[in-house]
Q: 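Okay, here's the structure, questions in a sec.
Lettering of chains follows the sequences in order, A, B, ..., and the numbering in each one begins at 1. For the numbers below, each heavy atom of this structure counts, side chains included, while hydrogens, waters and symmetry mates do not.
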Amino acid sequence: MRIGKRHENMILALCAAALTVLGLLMIYSATNVMAGSSPRYGYDPAYFFKRQVLFLAIGASLSVFLSRVDHDFYRRRILWILVATFALLALVYVPGVRHTANGASRWINLRLFTFQPSELAKFVLIAYAAYAIDRKGENPKEGYRAFLPMLAVMAVFVAAILKEPDFGMAIVILASFLAIVFIAGFPWKLLAAFAGAGALGAAALIAAKPYRVARLQAFLDPFSQAQAAGYQVVQSLIAFSNGGLLGTGVGSGRQKLFYLPEIHTDYIFSVIGEELGFAGVVLVGACFVTMVWVGYRIARRARDPFGKYLAMGISSTIGIQALMNMMVGLKMLPPKGMVLPLLSYGGSSLILHLAAIGVLMNISLKGADVLVASDGHRRGWDRRARFSGDRPC
Amino acid sequence: MTSRARLVLYGLLSLYLLIVLRAFHIQVLGVKGIRERGAKQYCTSIPLLPKRGVILDRTGSELAVSIATKSIFVQPGKLKFPDKAAALLAPRVSRSAKELSKRFAADKGFVWVRRQMPSTAADEAVREVKEALAELDPETRGKASAIDGIGTVEEPKRFYPNRELASSLIGFTNLDSEGMEGIELSLNKYLHGERAVLMCERDAHGRLIVPASSPVEFNSNGHAVTLTIDRNIQHIAESELDAAVEKYHARGGAALVLAPKSGEILAMANSPSFNPNAPGDAPVGARRDRAITDCFEPGSTFKVFTMASALEMGAVGASDRFFCENGAYRYAGRVIHDTHKYGWLTAPEILKYSSNIGITKINEKMDGNRYYDMIRAFGFGSREGVELPGEISGIVPSRDAFGKHIRRATVSFGQGISVTALQLAAAMGAIVNGGRVMKPYVVREIRDPKGKTVYSGQPKELRRVLSPKTSARMREILGKVVEEDGTGTQARIRGFLVGGKTGTAQKVEPGTGKYSPTRRTASFIGFLPLEDPELLILVVVDEPRGQVYGGVVAAPAFNQIAVKTAYYLGIQPTEAVASALSHRIEAVAPAAVRVTPVSTASPAGVMIMPDLAGLSMGRAVDIMGRYSVKLSLKGSGVACAQTPAPGAVLVPGEECSVVFAAEPQLRLSANKEKR
């Protein structure tokens, strides 16, 4: 059977639905004891669950809406979008407006809710990269000239995000950026230099703060400081270990009993590992990989280069962030503080990821019905076709 | 798809495979160290505070109970406003705010604020303080539960409802429920109960979740100990002893009531005594059980044993006559004196008039070795082995010393030998019970928490020292002591034939080793009924002033204890004089024991002050002991006034006072009218 665009969107929607619903379940399981015993959450065991349901409703509606909005809108309005996003990002530095948690000021305080502009910036930067690649065309020789302005915009945004600080988000953005510029055919040398500079910068950032060095050491040998810097890593591993093959069953995990901090956000994957076991880990991972794969298929038959790179960017971002989060939970990467897309608790993340998937679906809908050209062939883009699609309302 | 896109896709796919492999390793194969660490961190064990067993008297009345109390603690590190908390707590726990804030400022994780308060009071105090503290911080306003660092913990507290009653015998515990003195100490391992441990799961905050296994029945409570002591007899003995000690401004005293046939100790009174609910308030000296921890030179009471030994050996006959040298007898380089001048006396008369010279001459007729053996056989010089801590053995001169005549002579009238009150009473028991040395004991029964008897105190005959014939002759001789012109006339009880012996011993001056010219130990040891003794009573008064003779100081106390105890136990008066005494006993009767049905079980656990009017002190203490209130008693006789009034609701720890007066008939009629 050929997998057409309807099928692809269906797979995408099913994966997203499976992950978000599973996320709801795991969030309730992870937080009901904590929220139910805390006056901060009004002793409501379903406090986080209810909020996440609300976020899911908003996110899903937005996703359906954006799947109907021609993605060319973002290309045409990219500068405005960039400026607006940067303005939001800047608000994080305004006392009184910002919201600080765990020593990081990543949120804008909207009283009832908080908004994390860096989640938006992540996708906006991807869109910007797709726009820039589209502008330069597919000529590799244009590489250096096109790359530098991209780098400048990236640097400004990433610097602002790093300053919050949100190391994890910065890494995800840079890695996704690297992935799409790599796919776009920029010269190897350029990319190697970029990656090398990024690695050096990361090393410098780590060396600059003693606590980051300590965290790295704790990552390398968490059991030597299981009660201090290595605590989260150790507790996450214990969660996975408890899970075994099929898990302890939803609700029966014990690590959520205040052993594992940030359990409903950064470490929701550990709860899955504990309560659903190895089977849950494999399935959740498979859902994400499937989404990336579908995203790349969509990109292949996208109407225009902007759509193609945007689709690749969105799916790479989701995949990279998901895999990185999983690797942190399994002590394959040092802890950075990033959520698991679609599963972790958090309005900004859930709504924006669902929105991104909506955009992905739109690219799919506007794209060719089936791929005519065989794999490996570069298709000529019909530049006019860009304007033949639906206009944004 | 471009090859580069494919490369990225494959890269992500291989990362996914790595994740799956890693998860398989940790989850399915298992990594050593992780799994163990996980299993360990959920388990916690909570020590279950065992409830200390009760101590009961022989009638089943509670002498010592454990009540649930709560202790307030503070974790200074968790307090946001330590000074404010100190100021709020101080008045509720009656401590100074200054002292508390000093303690809260110390670098400690945990400090007690006040231990063992009534549960409700402690909870209320903590709740109020938390509420007040919550108001200080806008973040926690109205949310008292958000205040950390103050709390209560349950701690059972030992409570002695009868206060001073038998305090030196029962002893007391420290705040951690460990026995420190008396029965509480010697039977601590039974009373304390096992330290059980409950295995629980816990969360990362240390809060317990659910028992790891299904609920197990924990029999960690202490055993219940029943004593041979009778609370009423104990009360009688204590009040009479106290009266004697007070009347003669003595340093102290001890009184013992024994059942001579079995060796059971019915009462063991000490003066001064102390309140075991607040042992720290009493001087250490007041807390010891003098009857077993102190020894004294018995003086003339010891003549009984010399006489019994001589009779048993056949060294003298009951009708043998001895010349008592008119009060001064030069013997082995010393002069032995009598308080009165006597000429010829028969052996029984020597005891009756308590002649030192006469008993010296009887002693001369005995073989020193055998005399020594007899004294040791009576139990002198060795511990009686009663179930109480701190018993001493007394001092008996060595066997060699019994060759030296002067030492033997002084021992024969109770000088140069030290005994404990318990030894004296136990040995006297053998004299009067037919010649069997019974082991004195105070523990009647020990039951485990399920009610199974694990120990049962039984009469134990250690050895026979006298033939029943000698014993009978001794009873007859001792009966004469209390006759008209004997030394113990004040011990006489109308209606009962009693026997006994007085003792007035010079005390050795501490330091010099010489006998004091003024300090005496006055004692009286007696028994009743004469022919078939049921009760043996010893009263020892240490350093009485004014009067020093046992017959004057101790015999009246013996008399009172004997009368009241005999009536209480229902010992039939000796027939020959039954008619003569009846009215007197009756006069005593209502005050001593009048059983009034008093309902202490009130609805819904509310404590209602009972009507105590007309009750004896013992009975009043008995009833009020069931409430956790402070009881103060005044006067003697029967209860005639009380606060609060009958029917009032009692608050735990409330001060209740009862005034007693000696007008039984009047009060009784008045009460009847009132009802």
Q: Between K256(A) and chain B, with a heavy-atom cut-off of 4.5 Å, which part of the residue counts as in contact: side chain, backbone, both or neither?
A: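 Neither; nothing under 4.5 Å.
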Q: Does the distance from a Lys or Arg side-chain N to an Asp or Glu carboxylate O, for E8(A) and R300(A), drop under 4.0 Å?
A: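 Result for this pair is no, no salt bridge flagged.
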Q: Please rank L29(B), V8(B), L7(B) by heavy-atom pairs under 4.5 Å with chain A and give me the top one.
A: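 Winner by heavy-atom pair count: V8(B).
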Q: Just by modelled atom types, is the R40(A) backbone N or O under 3.5 Å from a matching donor or acceptor in the Y47(A) side chain?
A: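 No; judged by distance alone, with no hydrogens or angles, the pair does not exist.
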Q: Between R301(A) and S364(A), is any side-chain donor less than 3.5 angstrom from a side-chain acceptor?
A: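 Side chains of R301(A) and S364(A): pair found under 3.5 Å.
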Q: Is A286(A) in contact with chain B via its backbone, its side chain, both, or neither, using a 4.5 Å heavy-atom distance?
A: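 For A286(A), backbone and side chain are both near chain B.
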Q: Report which part of V33(A) has an atom under 4.5 Å of a heavy atom belonging to chain B: side chain, backbone, both, or neither.
A: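 Neither the backbone nor the side chain of V33(A) comes within 4.5 Å of chain B.
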Q: Top residue by heavy-atom pair count (under 4.5 Å) with chain A, among V31(B), L15(B), L13(B), I19(B)?
A: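 Ranked by heavy-atom pairs under 4.5 Å with chain A, first place is I19(B).
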Q: Is it the case that atom NZ in K336(A) sees more than 12 heavy atoms from other parts of the structure closer than 6.0 Å?
A: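 Result for NZ/K336(A): enclosed.
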Q: Of all residues at least two apart in sequence or in a different chain, which pass the ring pair (Phe, Tyr, Trp, His ring centres under 6.0 Å) check with Y16(B)?
A: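 Not a single residue meets the ring pair (Phe, Tyr, Trp, His ring centres under 6.0 Å) criterion with Y16(B).
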Q: With a 4.5 angstrom heavy-atom cut-off, which part of Q235(A) approaches chain B: side chain, backbone, both or neither?
A: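 Just the side chain, heavy atoms under 4.5 Å.
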Q: Can you tell which part of F288(A) gets under 4.5 Å to a heavy atom of chain B, answering side chain, backbone, both or neither?
A: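 Contact with chain B involves no heavy atom of F288(A) at all.
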Q: Tell me whether R115(B) is salt-bridged to D176(B), with the criterion being a basic N under 4.0 Å from an acidic carboxylate O.
A: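 Here R115(B) pairs with D176(B) in a salt bridge, since their nearest N and O are under 4.0 Å apart.
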Q: Less than 6.0 angstrom from the centroid, inside 45 degrees of the normal: does R103(B) satisfy that with respect to the ring of W112(B)?
A: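 Not flagged: R103(B) not positioned over aromatic ring of W112(B).
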Q: Determine the option with the most heavy-atom pairs under 4.5 angstrom with chain B, choosing from I183(A), L237(A), I180(A).
A: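 Heavy-atom pair counts peak at I183(A).
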Q: Mind ranking V281(A), L260(A), V234(A) by heavy-atom pairs under 4.5 Å with chain B and telling me who comes out on top?
A: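 It is V281(A).
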Q: Counting heavy-atom pairs under 4.5 Å with chain B, which one of V282(A), L245(A), I320(A) comes out on top?
A: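 Option with the greatest count: V282(A).
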